Amino acid sequence: MLCIKHHSTDAYFNIATDEYIFKHLKEDCFMLWRNDNAIIVGKHQNTLAEINHEYVKERGIKVVRRLSGGGAVYHDLGNLNFSFTRTGDSYEMIDFERYTKPIIEVLKQLGVNAKFEGRNDLTIDGKKFSGNAEHVFKNKILHHGTLLFSSEMKDISGALKINPLKYKDRGVKSVPNRVTNISDHLPEKITLDEFTDKIMDYITSTFPDARKYEFTEEDLAAIQKIRDEKYSTWEWNFGYSPDYDFTQGARTPGGTVEMNMNVSNGVIQEVKITGDFFHIRDIAPIEEALENTKHEEKEIRKILSRFNLNEYFNKITEDDLIAIMF
């Protein structure tokens with residue numbers, strides 16, 4: 001088994017790396033890695049329904065769809081991720097407890113009473129510190145999980161806090177959990193780097209075929225290609241979302257405005273703008289112009305910039321409209 005300590009903190013590159021070790025390396029792998037400020041959504045989720053759009057935009061948080069199912073998670077540099085890939089036989093590979101057992105064993109050595117609970121979580125005193133997901137293709141499995149070590153809790157809640165009434169869709173919703181950091185439960189404090197080394201040492205000493213591996217230049221070039229062509233694209237991260245209906249209203253200086261949109265593959269199919277605002281011109285041309293536009297701020301602003309909005313929405317700005325559409 002190849003044991004990899006991955007040094008990149010770019011979420012697009014790292015999720016591409018997960019796919020690379022799963023699909024392109026023949027040997028089984030174990031990898032430890034970290035992302036800097038990112039939301040990672042499950043393959044079958046509606047991305048915009050999982051994120052706090054304003055919070056994410058203001059802080060430059062990357063949003064990336066992963067290969068596996070499950071719910072959305074926030075990553076920062078205080079969170080350590082681990083991945084296993086394994087070739088085996090049929091459904092018996094899907095075993096969350098098997099792949100999380102090494103983490104529990106390391107924590108026990110450190111004096112922390114961690115447990116596997118529910119479908120795919122690790123907890124300490126009933127609080128979640130690790131969520132796990134798996135993806136199977138033919139006779140191979142990718143298992144990956146998070147390990148909250150010293151993450152900023154306010155960012156976890158802020159980045160993922162959304163209004164559940166905005167979206168009506170068939171996407172898989174994330175379920176909020178009470179969470180905790182591992183570092184808060186350690187009898188003797190250690191750094192995240194030391195914790196990372198302890199996990200890697202445990203893996204290399206307990207798996208008889210384990211050996212350290214560094215990505216080659218060819219590996220890195222192939223990962224970069226996957227990153228650029230898939231994981232950094234709007235089409236994968238947002239456009240892949242299931243169809244949904246979006247409704248949101250707000251009170252503005254010019255009156256109330258409500259946006260009602262039907263979205264398919266991340267593209268607005270239909271939009272109806274209602275409210276008690278005043279206008280000079282009929283708003284139908286704006287509604288029609290927004291059809292077949294990505295539900296994405298930059299693209300919507302391009303459309304709105306074609307119009308003198310003062311003639312369509314009295315005392316309502318472009319920023320007001322954008323805020324209501326996300």
Side-chain angles (χ1 to χ4, degrees), residues 1-11 13-35 40 43 66-70 73 75 79-110 112 114 116 120-122 129-147 149 182 190 192-227 231:
M1 182 171 67
L2 305 180
C3 295
I4 304 162
K5 190 185 288 186
H6 194 34
H7 302 293
S8 167
T9 59
D10 170 26
F13 193 84
N14 290 346
I15 303 302
T17 305
D18 245 7
E19 177 172 319
Y20 180 76
I21 66 172
F22 178 58
K23 292 186 175 180
H24 300 283
L25 292 184
K26 292 181 180 179
E27 291 190 57
D28 294 348
C29 293
F30 174 75
M31 183 170 71
L32 291 170
W33 49 286
R34 291 190 295 163
N35 283 330
I40 312 301
K43 184 177 182 180
R66 62 178 182 267
L67 204 56
S68 60
V73 288
H75 289 183
N79 173 74
L80 179 66
N81 303 288
F82 68 99
S83 301
F84 280 99
T85 63
R86 178 174 175 263
T87 301
D89 295 320
S90 68
Y91 66 90
E92 66 184 17
M93 292 189 297
I94 304 173
D95 186 348
F96 284 92
E97 290 191 65
R98 172 182 186 159
Y99 297 104
T100 54
K101 185 178 179 181
I103 305 301
I104 291 175
E105 290 300 319
V106 170
L107 287 171
K108 283 182 178 178
Q109 293 174 4
L110 293 171
V112 178
F116 180 91
N120 60 341
D121 296 338
L122 299 183
F129 70 89
S130 173
N132 294 264
E134 293 182 344
H135 177 71
V136 176
F137 182 71
K138 294 183 179 179
N139 66 334
K140 198 165 185 181
I141 188 167
L142 165 65
H143 176 109
H144 45 199
T146 57
L147 297 169
F149 187 83
I182 292 168
I190 60 172
L192 179 49
D193 286 339
E194 290 170 329
F195 180 60
T196 303
D197 289 340
K198 286 184 180 297
I199 294 174
M200 186 60 78
D201 290 344
Y202 181 89
I203 294 294
T204 54
S205 63
T206 55
F207 286 78
D209 61 342
R211 62 186 178 90
K212 297 283 184 68
Y213 182 76
E214 291 283 341
F215 286 124
T216 65
E217 290 300 318
E218 290 78 11
D219 291 332
L220 295 172
I223 295 167
Q224 185 71 37
K225 188 171 189 290
I226 297 169
R227 176 206 184 275
Y231 288 102

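FYI, the numbering just counts along the sequence from 1. All figures in this text were calculated on a predicted structure; none of them were measured in a lab.
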Q: Run the numbers on Asp219 and Leu25 for side chain to side chain contact (heavy atoms under 4.5 Å, CB included), then give the verdict.
A: CA-CA 9 Å; Asp219 291 332; Leu25 292 184; 4.2 Å; yes
Q.
Between Leu110 and Lys198, is the side chain to side chain contact (heavy atoms under 4.5 Å, CB included) condition met? List the steps.
A. CA-CA 10 Å; Leu110 293 171; Lys198 286 184 180 297; 3.6 Å; yes
(Q) Could you walk me through whether His7 and Phe215 satisfy the side chain to side chain contact (heavy atoms under 4.5 Å, CB included) test, starting with their C-alpha distance in whole Å, then the side-chain angles of each, then the deciding distance to 0.1 Å, before giving a yes or no? (A) CA-CA 10 Å; His7 302 293; Phe215 286 124; over 6 Å; no
(Q) Working note: Phe84 + Thr100, criterion side chain to side chain contact (heavy atoms under 4.5 Å, CB included); need CA distance, chi angles, decisive distance, verdict. (A) CA-CA 10 Å; Phe84 280 99; Thr100 54; over 6 Å; no
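The two residues His75 and Val73 have their closest heavy-atom pair at NE2-CG2, 3.6 Å. Between Ile15 and Asn35, the shortest heavy-atom contact is CD1-ND2, 4.4 Å. In terms of heavy-atom proximity, Gly69 sits nearest to Ala133 at O-CB, 3.5 Å. Minimum interatomic distance between Val136 and Phe22 (heavy atoms only, all atoms of both residues): C-CZ, 4.4 Å. Across Tyr213 and Thr216, no two heavy atoms sit closer than the pair OH-CG2, 3.8 Å.
Separating the OG1 atom in Thr17 from the OH atom in Tyr20 is a distance of 9.5 Å, to the nearest 0.5 Å. The distance from atom NZ of Lys140 to atom NE2 of His135, rounded to the nearest 0.5 Å, is 11.5 Å. Separating the CG atom in Leu142 from the CG atom in Leu67 is a distance of 6.5 Å, to the nearest 0.5 Å. Here Met1 contributes atom CE and Glu27 contributes atom CD; the two are 10.5 Å apart, rounded to the nearest 0.5 Å. For the atom pair Leu122 CG and Thr146 OG1, the distance stands at 8.5 Å (nearest 0.5 Å). In this structure, the separation between CG on Leu2 and CG on Asp28 is 8.5 Å, given to the nearest 0.5 Å.
Other residues, nucleotides and ligands contribute only 12 or fewer heavy atoms inside 6.0 Å of the CD atom of Glu214.
Judged purely by distance below 3.5 Å, without hydrogens or angles, the side chains of Gln109 and Tyr202 never pair a donor atom with an acceptor atom.
In this structure, the side chains of Phe149 and Thr196 stay at 4.5 Å or more apart for every pair of heavy atoms. When side chains are defined from C-beta on, Phe82 counts as touching His143, because their heavy atoms get closer than 4.5 Å. Side-chain contact between Asn81 and Met31 is absent, with no heavy atoms from C-beta onward closer than 4.5 Å. No side-chain heavy atom of Tyr99 sits under 4.5 Å from any side-chain heavy atom of Asn132. Side-chain atoms of Ile199 and Leu80, non-hydrogen and from C-beta on, do get closer than 4.5 Å to each other. Annotation: side chain of Ile104 is in contact with side chain of Lys108 (closest heavy-atom distance under 4.5 Å).
Between His6 and Phe13, the two ring planes are parallel [angle under 30°; tilted spans 30° to 60°].
Classification of Glu134 and Arg98 as a salt-bridged pair fails, no side-chain N sitting under 4.0 Å from a carboxylate O.
The backbone N or O of His144 lies less than 3.5 Å from no partner atom in the side chain of Ser83, so there is not a single donor-acceptor pair. The backbone N or O of Ala16 sits nowhere less than 3.5 Å from a side-chain atom of Arg227 that would complete a donor-acceptor pair. Between the side chain of Asn79 and the backbone N or O of Arg34 there is no donor-acceptor pair closer than 3.5 Å. Between the Asp121 side chain and the Gly131 main chain, no donor and acceptor come within less than 3.5 Å of each other.
For the pairing with Phe30, the side-chain contact (heavy atoms from CB on, under 4.5 Å) check across Ile203, Thr204, Ile4 returns one residue only, Ile203.
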